[in-house]
Trainee: 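Can you keep this structure in mind? I'll have questions shortly.
Model, not experiment: these values are computed from the prediction. Each residue takes its place number in the sequence, starting with 1. Note: hydrogens, waters and symmetry copies are ignored here, and every other heavy atom, side chains too, is used.
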Amino acid sequence: MAPLRVAALEPLTDPALAPPVPETGLDALTVGRRIRHHRQAKGWTLAQLGEEVGAAQSQLSQVENGKREPRLSLITAVARALGVTPSDLLDPAPPPSRRAALEIELDHAQRSPLARTLGLPEVRSSRKLPTDALEALVELHRELARRHDASNATPEEARRANTEIRMLMRAVDNHLPEIEELAEDLVRAAGYTVGALTHRQVARMAGDLGFSIIHVEDLPHSTRTVTDLAHGRIYLPPASIPGGHGLRSLALQAIAHRVLEHERPASYTQFLRQRLEINYFAACCLLPRSAAVEFLSAAKADKDLAVEDFRDAFGVTHEAAAHRLTNLLTSHLGIPVHFLRVGDDGALYRGYENDGVPFPEDSSGAIEGQPVCRRWTARTVFDVRNRTTENYQYTDTPAGTFWCSSQTGSSDDGGFSITVGVPYAHAKWFRGRDTRVRTKSTCPEAACCRRPPEGVAERWADQAWPSARLHAQTLAPLPSGRFPGVDDLEVYSFLDSHAPRTQGPPDA
């Protein structure tokens, strides 16, 4: 069968956002500015040029300002009248003068989507505009574009920022004592003593800060919570949202922004750092340090540490309990540890380690999205039939032997596993240390679990053509703005519809 011929793809550019292009294929604005340069050099007005070429003054004005496409016949007539060649007007080289170059750049900048989004007034680059003022306007537009591009985090920028923060947290054993102290004081003031932090105690914490918690059905789709600083309200959904974020955790994260005195993030790195801090604060409140360390110390003494017991004692999700262990095991019990959240497709979504376990990494050091070895507990657990409790396994790796405990779960995005592990020497403190399940991993060697058997590879090498799944987020830049991903129009409209109809904010 003959191969299917596909026409070349046309550029998908909105004509309204780009200057018109003449028949020559050159930028209409550049051509127009060349006409203006030669007209002014001859000392003619638009009216005089119009009389010579038989065109209306308004038509020539639009051509010179790049708002109308000049026909080749008009360009030929204009060139003849001005005593130049058509090539002089159509020359793709830089504009004939610095002034002309600045005018072209300013006009392009003022017609850009960024300038339209900002609602900036347009300044005409006429002869009355001083050259130094023109230069200042051009520089201002360049700086606006630079700052806009800097705030528009690409996936690569996000991965770099996330890796930087992960390495910083590894250096401090994933432990932030200042936030630990702050959270401990606040939960004690709210009446907490032991066990699970209650919804009532969370509401008291909010009240102590001058906020009331209100549950609504119509939160903007781009938010998890919304805080009304003017009227002292924290808006939450009426029930838990997918992903294991309970209402207590959501409320505590909203409170954290206030008690940690966060300012509006100026970069994606700062945004990620704030997200880490509010999650850390919420974990410190849900599993307060003093009660949690007492519980874990007793379990260690009995050589019966278990994520599921820690989870149940404080009424949190398995993932929250596992991640909280990374804050406390090393800093208070002297046990190095690692944590993974892995999707059922084998991709590593979140990870932390200070025990030397060899996480898969890309060339930049990022771990997110990397394939986890098929022989690791985080992957083998998906083949276990009984998933009602934790599953245990020893894994021999090039960095040593590690003991791991893994539990599976599911969300709207599919299945996942939560894994906590320690080096072999520290397995003695954990329930499940007596497991006989043991595997060997030589990753990142391809022969470990990524390269098919030689016979199978030979059979299918030229006979298989899989169609890969495209993850759209790998192509899209992360949203820019004060809060990445938040729709200001929705948020402000929501607050306006829910705000109490008073003359001002209520008394604190």
Trainee: Looking at Glu135 and Leu102, what are the two nearest heavy atoms and their distance?
Mentor: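 So the minimum-distance heavy-atom pair works out to CG-CD1, 3.4 Å.
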Trainee: Assess the residue pair Leu247 and His215 against the criterion (side-chain contact (heavy atoms from CB on, under 4.5 Å)); give the C-alpha distance rounded to whole Å, side-chain angles, the decisive distance to 0.1 Å, and a yes or no.
Mentor: CA-CA 10 Å; Leu247 295 180; His215 299 275; 3.9 Å; yes
Trainee: Just do the side-chain contact (heavy atoms from CB on, under 4.5 Å) check on Gln393 and Thr380 with the steps written out, would you?
Mentor: CA-CA 9 Å; Gln393 176 181 305; Thr380 61; 2.8 Å; yes
Trainee: Are Tyr349 and Phe416 close enough that their ring centres sit under 6.0 Å apart?
Mentor: no
Trainee: For Asn162, which of Leu276, Leu272, Thr269 qualifies under side-chain contact (heavy atoms from CB on, under 4.5 Å)?
Mentor: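 Passing option: Leu272.
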Trainee: As an exercise, state the distance from CZ of Arg204 to CG of Leu186, rounded to the nearest 0.5 Å.
Mentor: 12.0 Å
Trainee: Where do Gln110 and Ala115 come nearest, in terms of heavy atoms and distance?
Mentor: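 Result for this residue pair: O-CB, 3.7 Å.
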Trainee: Which heavy-atom pair separates Ile234 from Ala254 by the least distance, and what is that distance?
Mentor: CG2-CB, 3.8 Å
Trainee: Taking Arg350 first and then Glu319, would you say they form a salt bridge - that is, a charged N and a carboxylate O separated by under 4.0 Å?
Mentor: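 Yes, Arg350 and Glu319 are salt-bridged.
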Trainee: Side chains of Thr419 and Ser406: donor-acceptor distance under 3.5 Å anywhere?
Mentor: yes
Trainee: Closer than 3.5 angstrom, by distance alone: can the side chain of Arg248 be matched with the main-chain N or O of Cys285 as a donor-acceptor pair?
Mentor: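 Not at all, since once roles are kept as given, no pair shorter than 3.5 Å links the two residues.
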Trainee: If you define the side chain from C-beta out and look only at heavy atoms, does anything of Met205 sit under 4.5 Å from Val259?
Mentor: no
Trainee: Only counting residues at least two apart or in another chain, list the ones meeting salt bridge (Lys or Arg N to Asp or Glu O under 4.0 Å) with Glu368.
Mentor: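 With sequence neighbours excluded, Glu368 shows a salt bridge (Lys or Arg N to Asp or Glu O under 4.0 Å) to no residue whatsoever.
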Trainee: Can you list the steps and then say if Asp396 with Thr401 is a side chain to side chain donor-acceptor pair (under 3.5 Å)?
Mentor: CA-CA 4 Å; Asp396 299 324; Thr401 299; 2.6 Å; yes
Trainee: State the CH2-CG distance between Trp429 and Leu305, to the nearest 0.5 angstrom.
Mentor: 9.0 Å
Trainee: Are Arg311 and Glu308 close enough, and set up right, to give a side-chain contact (heavy atoms from CB on, under 4.5 Å), and what steps lead you there?
Mentor: CA-CA 5 Å; Arg311 171 198 68 198; Glu308 56 191 1; 3.5 Å; yes
Trainee: Rounded to the nearest 0.5 Å, how far apart are CD1 of Ile214 and CG of Asp228?
Mentor: 8.5 Å
Trainee: With a 6.0 Å cut-off (strictly less than), is the heavy-atom count around CZ of Arg142, excluding the residue itself, greater than 12?
Mentor: yes
Trainee: Where the side chain of Asp496 meets the backbone of Tyr492, is there a donor-acceptor pair that is under 3.5 Å apart?
Mentor: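 Not confirmed, Asp496 side chain does not pair with Tyr492 backbone.
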Trainee: So do the side chains of Val491 and Val226 get within less than 4.5 Å of each other, counting heavy atoms only?
Mentor: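 Val491 reaches Val226 side chain to side chain.
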Trainee: Looking only at non-hydrogen atoms, find the nearest pair between Gln201 and Ala196 and report the distance.
Mentor: OE1-O, 4.2 Å
Trainee: What verdict does the salt bridge (Lys or Arg N to Asp or Glu O under 4.0 Å) test give for Glu180 and Arg324, after you've listed the backbone C-alpha separation in whole Å, the side-chain angles of each residue and the deciding distance to 0.1 Å?
Mentor: CA-CA 12 Å; Glu180 297 275 1; Arg324 183 65 171 139; 2.8 Å; yes
Trainee: Can you list the steps and then say if Glu277 with His257 is a side-chain contact (heavy atoms from CB on, under 4.5 Å)?
Mentor: CA-CA 9 Å; Glu277 290 178 351; His257 281 301; over 6 Å; no
Trainee: Looking at Leu106 and Val123, what are the two nearest heavy atoms and their distance?
Mentor: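 Closest heavy-atom pair between Leu106 and Val123: CD2-O, 4.2 Å.
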Trainee: Keeping the roles fixed (side chain from Arg159, backbone from Ile367), state whether a donor-acceptor pair exists under 3.5 Å.
Mentor: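 Such a contact is absent between Arg159 side chain and Ile367 backbone.
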Trainee: Taking C-beta and beyond as the side chain, do Thr395 and Trp403 meet within less than 4.5 Å on heavy atoms?
Mentor: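 Counting from C-beta outward, Thr395 and Trp403 never come under 4.5 Å.
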Trainee: Indicate yes or no: at least one non-hydrogen side-chain atom of Asn354 is less than 4.5 angstrom from one of Asn174.
Mentor: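 No, their side chains stay 4.5 Å or more apart.
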Trainee: Mind checking whether Phe359 and Trp376 have parallel, tilted or perpendicular rings, split at 30° and 60°?
Mentor: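 Tilted: the ring planes of Phe359 and Trp376 meet at 30° to 60°.
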Trainee: Looking just at side-chain N and O atoms, do Glu294 and Ser290 make a donor-acceptor pair shorter than 3.5 Å?
Mentor: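 No, no side-chain donor-acceptor contact under 3.5 Å.
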Trainee: How would you list, by chain and number, every residue that makes a salt bridge (Lys or Arg N to Asp or Glu O under 4.0 Å) with Arg379, sequence neighbours excluded?
Mentor: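 Arg379 satisfies salt bridge (Lys or Arg N to Asp or Glu O under 4.0 Å) with no other residue.
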Trainee: At what distance, to the nearest 0.5 angstrom, does CG of Leu328 lie from SG of Cys284?
Mentor: 7.5 Å
Trainee: Under 3.5 Å, is there a donor-acceptor pair linking the side chains of Ser364 and Asp362?
Mentor: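 Yes - a donor-acceptor pair under 3.5 Å links their side chains.
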Trainee: Salt bridge check, Glu181 against Arg188: does any charged N sit closer than 4.0 Å to a carboxylate O?
Mentor: no
Trainee: For residues Phe281 and Ile255, report the shortest heavy-atom separation together with the two atoms involved.
Mentor: CE2-CG2, 4.3 Å
Trainee: A side-chain contact here means heavy atoms from C-beta on lying under 4.5 Å apart; do Val172 and His175 qualify?
Mentor: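 Side chain of Val172 against side chain of His175, heavy atoms only: no contact under 4.5 Å found.
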Trainee: Tell me if the centroids of the rings in His498 and Tyr235 come within less than 6.0 Å of each other.
Mentor: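 Yes, close enough.
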Trainee: Any side-chain heavy-atom pair from Gln407 and Val307 closer than 4.5 angstrom?
Mentor: no
Trainee: When rounded to the nearest 0.5 angstrom, what is the spacing between OG in Ser417 and CG in Asp344?
Mentor: 9.0 Å
Trainee: Do any N or O atoms from the side chain of Thr227 and from the backbone of Leu229 form a donor-acceptor pair under 3.5 angstrom?
Mentor: no
Trainee: How many angstroms lie between CD in Glu353 and CZ in Arg170, if you round to the nearest 0.5 Å?
Mentor: 4.0 Å
Trainee: Does Thr223 reach the main-chain N or O of Pro220 with its side chain, forming a donor-acceptor pair under 3.5 Å?
Mentor: yes
Trainee: Please check: side-chain N/O of Asp302 versus main-chain N/O of Asp304, any donor-acceptor pairing under 3.5 Å?
Mentor: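 Flag not set: sc Asp302 to bb Asp304 has no pair under 3.5 Å.
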Trainee: Does the side chain of Val337 come within less than 4.5 Å of His426's, by heavy atoms?
Mentor: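 Heavy-atom side-chain distance check fails, nothing below 4.5 Å.
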Trainee: Okay, side chain of Arg433, backbone of Phe430: is any donor-acceptor separation there less than 3.5 Å?
Mentor: yes
Trainee: For residues Arg224 and Gln253, is any side-chain donor paired with an opposing acceptor at under 3.5 Å?
Mentor: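 Indeed, the side chains of Arg224 and Gln253 share at least one donor-acceptor pair under 3.5 Å.
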Trainee: Check this for me, if you would: do Glu390 and Arg431 make a salt bridge, where the nitrogen-to-carboxylate-oxygen distance has to be below 4.0 angstrom?
Mentor: no
Trainee: Going by heavy atoms in the side chains, are Tyr192 and Pro288 under 4.5 Å from each other?
Mentor: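 When only atoms from C-beta onward are counted, Pro288 and Tyr192 do touch, with a gap below 4.5 Å.
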Trainee: Mark yes or no for whether Thr330, through its side chain, and Thr326, through its backbone, hold a donor-acceptor pair below 3.5 Å.
Mentor: no
Trainee: Starting from the C-alpha separation in whole Å, work towards a yes-or-no answer on ring pair (Phe, Tyr, Trp, His ring centres under 6.0 Å) for Tyr424 and Tyr394.
Mentor: CA-CA 8 Å; Tyr424 179 85; Tyr394 287 99; 5.6 Å; yes
